[in-house]
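Since we're looking at a predicted model, the values are computed, not measured. Atoms within each ligand, like the ligands themselves, are counted from 1 in listed order.
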Amino acid sequence: MFNPEKETLPREEIEKIQLSGLRKTLRYLKNSKSRLKVKYKDIEPEDIKTLDDLRNLPFITKDDLRDCYPFAHLAVDPSQCARMHMSSGTTGVPVINAMTRNDIVQWGEIMARCLAAAGLTEKDRLQIMPSFGLFNGGFGFHYGAERLGCFIVPAGAGRSLMQLKLIKDLEVTAFGAIASYPARLIEVARDNGFDFKKTKLRVGILGAETWSDEYRRRIEDEMGIKTFDIIGLTETGGVGLGIDCHARSGIHVWEDHYIVEIIDPERETPLSIGEEGEMVITTLTREGLPLIRYRTRDISRILSYERCECGRTHVRVDRIKGRTDDMLKVKGVNFYPSQVEQILLKYKGLSPYYQLVIETVRGKDEMTIIVEKVDNGITQRELEQLDLELYDFLGFRSKIQVVPEGTIQRVPGKAVRIIDKRKKI
Ligand code: ZN
């Protein structure tokens, strides 16, 4: 562990830290220049007697933050900040998180914990494959690895052949990447006779997208590594909010820095342990953009507050299933692309490159699943089996189109899984 004292705090200690952190954050926000403080004008920090009182506080949504673009949501003036990152803005106005020097120290701390949870030590050589730019991934890994004392290979995004060359020549032991990127690396490796099993690579830390257990299994087999699922959002302070550990029994969220709640996204009411809903995050130690009850739109559930096999006591949440924004509704059925991926990748002849195309045909929804094949693809019999499995899961028939490798465009950054051609009402 990077910080054994903090990572193994007894539950009552964690709750004490959270209660005082929550009061402090509320006071800080109310006294700050943030436009969001109007939400809390009738609530005093002293009104919060127990952690349950958090439930009475209003939420902060992504739209609240967008309305404040570029800086009105910040608690401090940009001149007091050291740097900024920005959400991708693919779905509208971007959100800027500007960070004070203390925020960067906090980021380094939680990221170092994550890297250590993935089994990294100062002896490791970490190749950082997310971009170093407005997207927070590259710098997040950098600050954590620097704190842990790893040898950093700041490769950044893209240039897959160069990535492979560095892995081999520099005897890289671990990498951090956007979850869909290893699929591309494997493809380029295959085309160039590169064998991951002849390298020193042993750990892959993946995030920024939802990825299925089947995809995970495949990456681990093909690369001969162990993978770890890391989470985090620009708004909460970047990658490093939590990670799963060797026990593979959920993602630990660092509770001395964050409070996690799971709510029913429609009724906005808190859910109990095990119930699936939207993850809501309160920051306890952030200065540039403190958040109270921020609605992440990520779908997960609380798995346990008990001490994990790994010794850590911080809450475990389930791997993220999807975002409320990428939940699809086709023929009245709700599902996430990662659930379809999980079914597709059970077939060895299918690749992790797939797209769901939804359109209106004669007034009705139709979904076509375009998926690339690998090697010899799948047999007619397997295709029928797949068709049946998808029907079982979805409850409606979709068209499956198996296409040659390389058909789906390789894009830098996050993969494009959904092409929804339906008319929006
Ligand atoms: Zn654990």
Side-chain angles (χ1 to χ4, degrees), residues 1-18 106-124 126 140-141 144-145 147-150 173-177 179 202-208 210-213 215-217 219-220 225-233 236-262 272-276 279 281-285 296 298-321:
M1 286 183 215
F2 176 71
N3 191 340
E5 188 201 323
K6 290 279 161 39
E7 291 175 54
T8 62
L9 285 168
R11 178 74 10 213
E12 60 275 21
E13 286 301 315
I14 291 177
E15 286 177 359
K16 251 187 239 167
I17 290 171
Q18 291 187 324
Q106 187 263 5
W107 200 10
E109 160 82 25
I110 56 168
M111 265 311 280
R113 289 186 197 179
C114 289
L115 299 180
L120 268 56
T121 70
E122 74 285 352
K123 295 203 177 72
D124 276 287
L126 175 72
F141 276 102
R147 186 77 74 82
L148 191 59
C150 303
T173 56
F175 69 95
R202 60 184 182 82
V203 169
I205 303 168
L206 309 177
T210 48
W211 42 304
S212 65
D213 291 339
Y215 176 74
R216 180 173 215 173
R217 204 161 305 147
I219 297 302
E220 294 191 336
I225 58 170
K226 184 133 174 123
T227 60
F228 294 85
D229 188 357
I230 193 162
I231 61 168
L233 297 88
T236 60
V239 59
L241 176 69
I243 193 167
D244 60 1
C245 62
H246 281 270
R248 288 253 165 118
S249 51
I251 291 174
H252 290 283
V253 175
W254 308 117
E255 284 187 284
D256 51 337
H257 292 278
Y258 300 97
I259 299 175
V260 193
E261 294 170 89
I262 303 288
S272 3
I273 293 186
E275 289 184 303
E276 195 174 273
M279 192 157 74
I281 297 289
T282 297
T283 66
L284 303 173
T285 50
T296 66
D298 284 330
I299 301 295
S300 182
R301 61 196 169 118
I302 303 277
L303 293 176
S304 175
Y305 289 104
E306 302 294 315
R307 182 184 294 267
C308 173
E309 220 177 284
C310 71
R312 292 177 181 86
T313 49
H314 293 231
V315 66
R316 277 170 283 153
V317 299
D318 205 355
R319 296 186 64 211
I320 291 165
K321 195 174 183 183

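Between Phe2 and Glu109, the shortest heavy-atom distance links the atoms CE2-OE1, 3.6 Å. Closest approach of Arg316 to Arg307, counting heavy atoms only: NH2-O, 3.7 Å.
Residues forming a side-chain contact (heavy atoms from CB on, under 4.5 Å) with Asp213 (at least two apart in sequence, or on another chain): Arg217, Arg319, Gln342. In this view, Thr8 satisfies the side chain to side chain donor-acceptor pair (under 3.5 Å) rule with no residue, not counting sequence neighbours.
Between the side chain of Arg11 and the main chain of Thr313, a donor-acceptor pair closer than 3.5 Å is present.
Protein N/O/S atoms closer than 2.8 Å to the Zn ion (ligand 1), listed by chain and residue number, are Cys245 SG, His252 NE2, Cys308 SG, Cys310 SG.
Pairs passing the salt bridge (charged side-chain N to carboxylate O under 4.0 Å, His left out) check and including a residue from residues 115-124, sequence neighbours excluded, read Asp124-Arg202.
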